[in-house]
Amino acid sequence: MEEQEQAARFKIRCLQYVYEAQNDQRLDELHSKIRTLRGITTDIHQDVEAQNLMLDETGDRFSAFGNSLLQTSRRAGQAFGIGTGSLKPWRIAMLIVAVFLTFWIVSKVLRWWGSPAV
């Protein structure tokens with residue numbers, strides 16, 4: 001009977017050793033997966049930080065462009081006297097019409113001047 005008890009204890013110890021080895025193997029696999037996930041999350045974090053920086057720079061550029069456009073618009077308004085109650089927009093419109101009319105007349109004169117004599 002003692003031999004059976006010793007054999008049973010030996011089997012139990014062997015099973016414990018096998019289970020412990022399996023647990024160690026699974027623990028190593030889990031540790032490897034955790035390292036991989038940590039690397040992935042680090043890469044994602046770095047990518048997000050780079051994208052945030054790019055978005056901030058883009059926002060700053062658009063703000064600077066908007067301010068520049070606003071200043072240019074104000075300067076153009078001052079230069080042309082555009083504002084409420086002024087007649088200067090009519091002057092600009094007349095200037096544009098005059099420029100087109102001048103180009104049309106010049107093109108007609110050049111066509112007449114360049115035509116062969118009959």
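Taken from CG in Leu27 to CD1 in Ile34, the straight-line distance is 8.5 Å, to the nearest 0.5 Å. Going from atom CZ of Phe100 over to atom CG of Leu95 covers 10.5 Å, rounded to the nearest 0.5 Å. Taking CD1 of Ile44 as the start and CD of Gln51 as the end, the distance is 11.0 Å to the nearest 0.5 Å. Arg35 contributes atom CZ, which lies 13.0 Å from atom CD1 of Ile40 (distance to the nearest 0.5 angstrom). To the nearest 0.5 angstrom, Thr42 atom OG1 is 10.5 Å from Leu37 atom CG. To the nearest 0.5 Å, atom CD of residue Gln16 and atom CD1 of residue Ile12 are 7.0 Å apart.
Residue Glu3 places its CD atom among 12 or fewer non-hydrogen atoms of other residues, nucleotides or ligands, all under 6.0 Å distant.
A donor-acceptor contact shorter than 3.5 Å links the side chain of Thr72 to the backbone of Ser68. A donor-acceptor pair under 3.5 Å is formed between the side chain of Ser63 and the backbone N or O of Gly59.
Taking Ile, Leu, Val, Met, Phe, Trp and Tyr as hydrophobic and joining them when side-chain heavy atoms fall under 4.5 Å apart, one finds Tyr19 in a cluster with Leu15.
Between Asp47 and Asp43 there is no side-chain heavy-atom pair separated by less than 4.5 Å.
Val109 and Trp104 fall within a single hydrophobic cluster, where Ile, Leu, Val, Met, Phe, Trp and Tyr side chains are chained together by heavy-atom contacts under 4.5 Å.
Residues satisfying the salt bridge (Lys or Arg N to Asp or Glu O under 4.0 Å) criterion with Arg38, sequence neighbours excluded, are absent altogether. In this view, Glu5 and Arg9 satisfy the salt bridge (Lys or Arg N to Asp or Glu O under 4.0 Å) rule, not counting sequence neighbours.
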